[in-house]
K.L.:
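Shown below is the structure under consideration.
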Amino acid sequence: MSSQPIRDTFLPYGRQKIDDKDIQAVIDVLTSDYVTTGPEVVHFEQAVADYVGAKYAVAFSNGTAALHGACFAAGIGKGDEVITSPLTFVASANCVLYQQGVPIFADIDPQTYNIDPVQIEKHITKRTTAIIPVDFTGQPAELEQICEIARRHNLVVIEDAAHALGAVYRGERVGSISDMTMFSFHPVKHITSGEGGIITTNSEDYYQKLIQFRSHGITRSREQLENDHGPWYYEMQFLGFNYRMSDIQAALGRSQLNKLDEFISKRKQIIELYNQSFRDITGVQIPVQSSNTVSSWHLYILRIDSTKFDRREIFNAFLDNNIGVNVHYIPVYFQPYYQQLGYEKGLCPVAEEVYQTIITLPLFPSMAEKDVQDVITAVHHILN
Ligand SMILES: *Cc1c(COP(=O)(O)O)cnc(C)c1O
């Protein structure tokens, strides 16, 4: 390889896009009466609920806290088994551990990389209480089959849609299909609030529990109080957390939401160029889309033939050319903490095989045409 890198400056795999309107929205909050949870959080929750077509939304300090809240609201407790995907960020399983539950990893589909409903069914026991499907890379999981399995076994579906704001499953936007759906507003996701997350749901019962869980388990609502000492009185009725989102975050999130559709269509334009350019490379598999879904394209992942390429060498070659590639993800149970809990390698052979062969390319709405071309040039240069 030539010593001259394809780019002089580093291109990250993901990046937020913040404009003057976003900045003004935050400034407006900073000079208002509220900086912590106030009217902006309520507006943001309403805007997200409207966008996804859900009755309720509860914002949290981050997506992981939101998942924890959903596990609490679903009633997951000590020893309860919750089935999730191994090919995800650790938060999808950690939220079960926070509630003393037991994450159970069901293997994935080798084409879409989403959790395989047949594998879910195989792992159901008397202790199973919930399923946490992950809409991997922005492509919704097989939600119809998953919700049907859940109905038959009386399980709660908590969808980890951290990648999938704006994605569509069988004509419906993700966010009102599962019992509860989580979105993240971390800066690499579709829209950002700095840190932030949200649960959307159509259930008033879950909504009430989430609101209370987010703020120490405290309520001031007259109808819910067991006693009433006077107008100052509130009650902590269970052990909750301080997982509140601030108005500063919510104002940024709401301003960003106005641009979501534009962000997604920019992502799709880049995907088209990538797919066209990489389709015919031998030993390289471009992403496979299920006909039931319209992905919102959080990540673009190439699968490379491990008999032809050495992934470590390939990965380093991209970095040497200042192309910020990544690997999504290391199977969760490979993590030392999970190994110490007794999870063994070999649990999910498909996920483990996929992990060996994937590489994530840069994809974000503020990529310039030249950035996209640099990635394409690098792929052809490195994967030939
Ligand atoms: C980002 C992410 C989360 C956690 O969201 P945070 O807002 O970073 O806490 C959970 N699951 C998946 C799949 C994610 O990508």
Side-chain angles (χ1 to χ4, degrees), residues 12-16 41 44-45 48 57-72 82-99 103 105-106 108 112-115 130-141 143 146 157-167 174-175 178 180-200 210 213-214 241-246 249-250 252-253 256-257 267 295-301 326-333 335 338 351 354-355 358 360 363-364:
Y13 87 92
R15 192 184 196 287
Q16 71 280 10
V41 169
F44 182 47
E45 289 171 336
V48 173
V58 181
F60 283 82
S61 46
N62 56 68
T64 306
L67 279 176
H68 185 189
C71 287
F72 170 83
V82 178
I83 300 172
T84 191
S85 171
L87 201 70
T88 183
F89 185 55
V90 291
S92 316
N94 288 353
C95 60
V96 177
L97 296 178
Y98 299 155
Q99 287 296 107
F105 298 99
I108 58 168
T112 64
Y113 314 140
N114 270 325
I115 194 167
I131 308 170
I132 305 183
V134 180
D135 300 330
F136 187 65
T137 71
Q139 169 160 232
L143 298 173
I146 292 167
V157 180
I158 301 167
E159 187 179 342
D160 180 339
H163 298 181
L165 186 60
V174 156
S178 303
M180 287 177 267
T181 305
M182 183 280 284
F183 299 101
S184 163
F185 308 116
H186 180 281
V188 298
K189 309 293 162 73
H190 287 88
I191 62 168
T192 192
S193 59
E195 294 278 359
I198 209 162
I199 299 290
T200 58
L210 291 165
F213 184 79
R214 170 177 82 174
F241 291 77
N242 179 353
Y243 278 165
R244 294 185 303 264
M245 178 181 270
S246 74
Q249 292 165 293
L252 177 56
Q256 287 257 298
L257 186 62
R267 285 172 179 273
S295 179
S296 55
W297 290 108
H298 167 55
L299 299 172
Y300 187 87
I301 294 181
N326 215 313
V327 171
H328 293 94
Y329 292 90
I330 305 155
V332 173
Y333 61 82
Q335 297 297 342
Y338 279 83
V354 166
Y355 164 59
I358 48 177
T360 306
L363 174 65
F364 52 95

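One-based numbering, in listed order, for ligands and for the atoms of each. Quick note: residue numbers are just sequence positions, from 1.
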K.L.:
Between Tyr13 and His328 (judged by ring centroids, cut-off 6.0 Å), do the two rings come close enough to count as a pair?
P.N.:
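So the answer is yes for these two rings.
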
K.L.:
Do Tyr98 and Leu67 have side chains that get closer than 4.5 Å, going by heavy atoms?
P.N.:
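No. Closest side-chain heavy atoms not under 4.5 Å.
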
K.L.:
Nearest heavy-atom pair of Gln249 and Glu195: which atoms, and what distance?
P.N.:
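Between these two residues, the closest heavy atoms are NE2-O, 2.7 Å.
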
K.L.:
What is the minimum heavy-atom distance between His163 and Thr137, and which atoms define it?
P.N.:
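Closest heavy-atom pair between His163 and Thr137: ND1-N, 2.9 Å.
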
K.L.:
What pairs with Thr192 under side chain to side chain donor-acceptor pair (under 3.5 Å), at least two apart in sequence or on another chain?
P.N.:
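Thr192 satisfies side chain to side chain donor-acceptor pair (under 3.5 Å) with no other residue.
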
K.L.:
Starting from the N and O atoms of ligand 1, collect every protein N/O partner closer than 3.5 Å and put each pair on its own line with the distance to 0.1 Å.
P.N.:
| from | atom 1 | to | atom 2 | distance (Å) |
| --- | --- | --- | --- | --- |
| ligand 1 | 5 (O) | Ser184 | OG | 3.3 |
| ligand 1 | 7 (O) | Gly63 | N | 2.8 |
| ligand 1 | 7 (O) | Ser184 | OG | 2.8 |
| ligand 1 | 9 (O) | Gly63 | N | 3.3 |
| ligand 1 | 9 (O) | Thr64 | N | 2.8 |
| ligand 1 | 9 (O) | Thr64 | OG1 | 2.5 |
| ligand 1 | 11 (N) | Asp160 | OD1 | 3.4 |
| ligand 1 | 11 (N) | Asp160 | OD2 | 2.7 |
| ligand 1 | 15 (O) | His163 | NE2 | 2.9 |
| ligand 1 | 15 (O) | Lys189 | NZ | 3.0 |
| ligand 1 | 15 (O) | Tyr329 | OH | 3.3 |

K.L.:
If you count heavy atoms of other groups shown closer than 6.0 angstrom to CZ of Arg15, is the number above 12?
P.N.:
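Open.
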
